[in-house]
Amino acid sequence: ITILHDRPELRPIVPIIGEITSLVMLLSLLWIPWFAWRQPGPLRPRTLLGHAAALVIFSAAHVTGFTLLRKIIYWTIGQHYGGDFPGDYIYEFPRDAIAYGLAMLAFSMAGQRLEARAAPSGGRTLFDIRDGTRLLRVPFDDILAVSSAGNYVEFVLRDGRKPLMRSPLSALETELAQHGFVRVHRSWLVNAMQMTGLKPEGSGDYTVELGEVTVPLSRRYPEALAKLRAA
C-alpha cells in the first residue's frame, strides 16, 4: 500500500510480486541464522565475526534470490525486470540485519522453552520435604542421601539436618532418580553428584562417602556401583 501510495503509476501486481518474492527468499534462508545460532560458545570476537559473515551471506542470498525470482516471474508474463545493482543490496542490508536479529531472538526463545520442557520436573531445583506440619524447601544439591525409617524416610542434608517425611522409599526413588539419586541399598538412596569417595569393604560391598556422611552400597546393586563410578 505504501509503495502504491508513493508511486501511483505502478500496477498493484508489482509490489505484490516484490513482497512475495522477498518473503519467500527470507523464509527459505532462515537456515543461515539458525546454523549460526547453533554454534556453541559465548559471544566473543570470533563468534561475532561468524555472525557478521552469516549476516552478509544471508542478505546477499536474499537479494540475489528475490532478483532471480522476479526475473523469472516477469519473463513468464512477457516483461523484463532489471533490478538495481548495487542499490538493492545496499537498501536491503539494514532490513536483513533486523530480520537476522529477529530470527536469532526467535530461535533463542524457542530453545529456552524446549530446554524448560525437557528439564526434569519442569526445571525444578528445589524439593519439598513435609516434616510433620512443617514444609522444608531445599535444593536437590543439599540432599546428600535418603534412608528408610519404617513408614518414613529420613533426609540427610548438607547442613546436618535430618528431617523426616512420611513416604515409602520406593516412591521417592522414582521421583529423585531424574535428579541423580541412586538406590545403593534396600534402605538408602544417595545423591550421586555429591559423592566424594567410594571405599571397597570386601565381598563386593562398598561404602559411599558423601563428605562426612557414609552410606552402605550393597553388592546386590551392581548397577548403582556402575552409575556412581560414571558420575
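Only heavy atoms go into these numbers, but all of them, side chains included; no hydrogens, no water, no symmetry mates.
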If every non-hydrogen atom of [X] is compared with every non-hydrogen atom of [Y], which pair is closest and at what distance?
X: L169; Y: S148; result: CD2-CB, 4.1 Å
X: Q194; Y: L144; result: CB-CD2, 3.9 Å
X: D131; Y: P163; result: OD2-CB, 3.6 Å
X: P33; Y: M104; result: O-SD, 3.3 Å
X: A192; Y: L228; result: CB-CD2, 3.7 Å
X: A145; Y: V215; result: CB-CG2, 4.0 Å

Does [X] share a hydrophobic cluster with [Y], counting links as ILVMFWY side-chain heavy atoms below 4.5 Å and allowing steps through other members?
X: V182; Y: V208; result: yes
X: I129; Y: V190; result: no
X: M195; Y: F181; result: no
X: W188; Y: L225; result: yes
X: M193; Y: V184; result: no

Could you check whether any side-chain heavy atom of [X] comes within less than 4.5 Å of a side-chain heavy atom of [Y], counting everything from C-beta outward?
X: F93; Y: V63; value: no
X: M165; Y: L172; value: yes
X: S203; Y: R219; value: yes
X: R161; Y: F155; value: no
X: L26; Y: F58; value: yes
X: V138; Y: I143; value: yes
X: T214; Y: K199; value: no
X: Y152; Y: R166; value: yes

Could you check whether any side-chain N or O of [X] sits under 3.5 Å from a backbone N or O of [Y], counting only pairs where one atom can act as donor and the other as acceptor?
X: T196; Y: E209; answer: yes
X: D205; Y: P216; answer: no
X: T76; Y: I73; answer: yes

Rounded distance (nearest 0.5 Å) linking atom [atom1] of [X] with atom [atom2] of [Y]:
X: F127; Y: E175; atom1: CZ; atom2: CD; answer: 4.5 Å
X: R183; Y: E223; atom1: CZ; atom2: CD; answer: 10.5 Å
X: L164; Y: R130; atom1: CG; atom2: CZ; answer: 15.5 Å
X: T21; Y: R70; atom1: OG1; atom2: CZ; answer: 3.5 Å
X: I72; Y: I77; atom1: CD1; atom2: CD1; answer: 13.0 Å
X: L210; Y: L198; atom1: CG; atom2: CG; answer: 10.0 Å

Give a yes or no on this: more than 12 heavy atoms of other residues, nucleotides or ligands lie within 6.0 Å of atom NZ of K227. no
Tell me whether the count of non-hydrogen atoms from other residues, nucleotides or ligands lying under 6.0 Å of CD in E212 goes above 12. no
Counting the benzene-type ring for Trp, do F85 and Y89 have ring centres under 6.0 Å apart?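 Close enough - the centres of the two rings lie under 6.0 Å apart.
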Test side-chain contact (heavy atoms from CB on, under 4.5 Å) on Y74 and V14 and set out the steps. CA-CA 10 Å; Y74 275 72; V14 173; 3.6 Å; yes
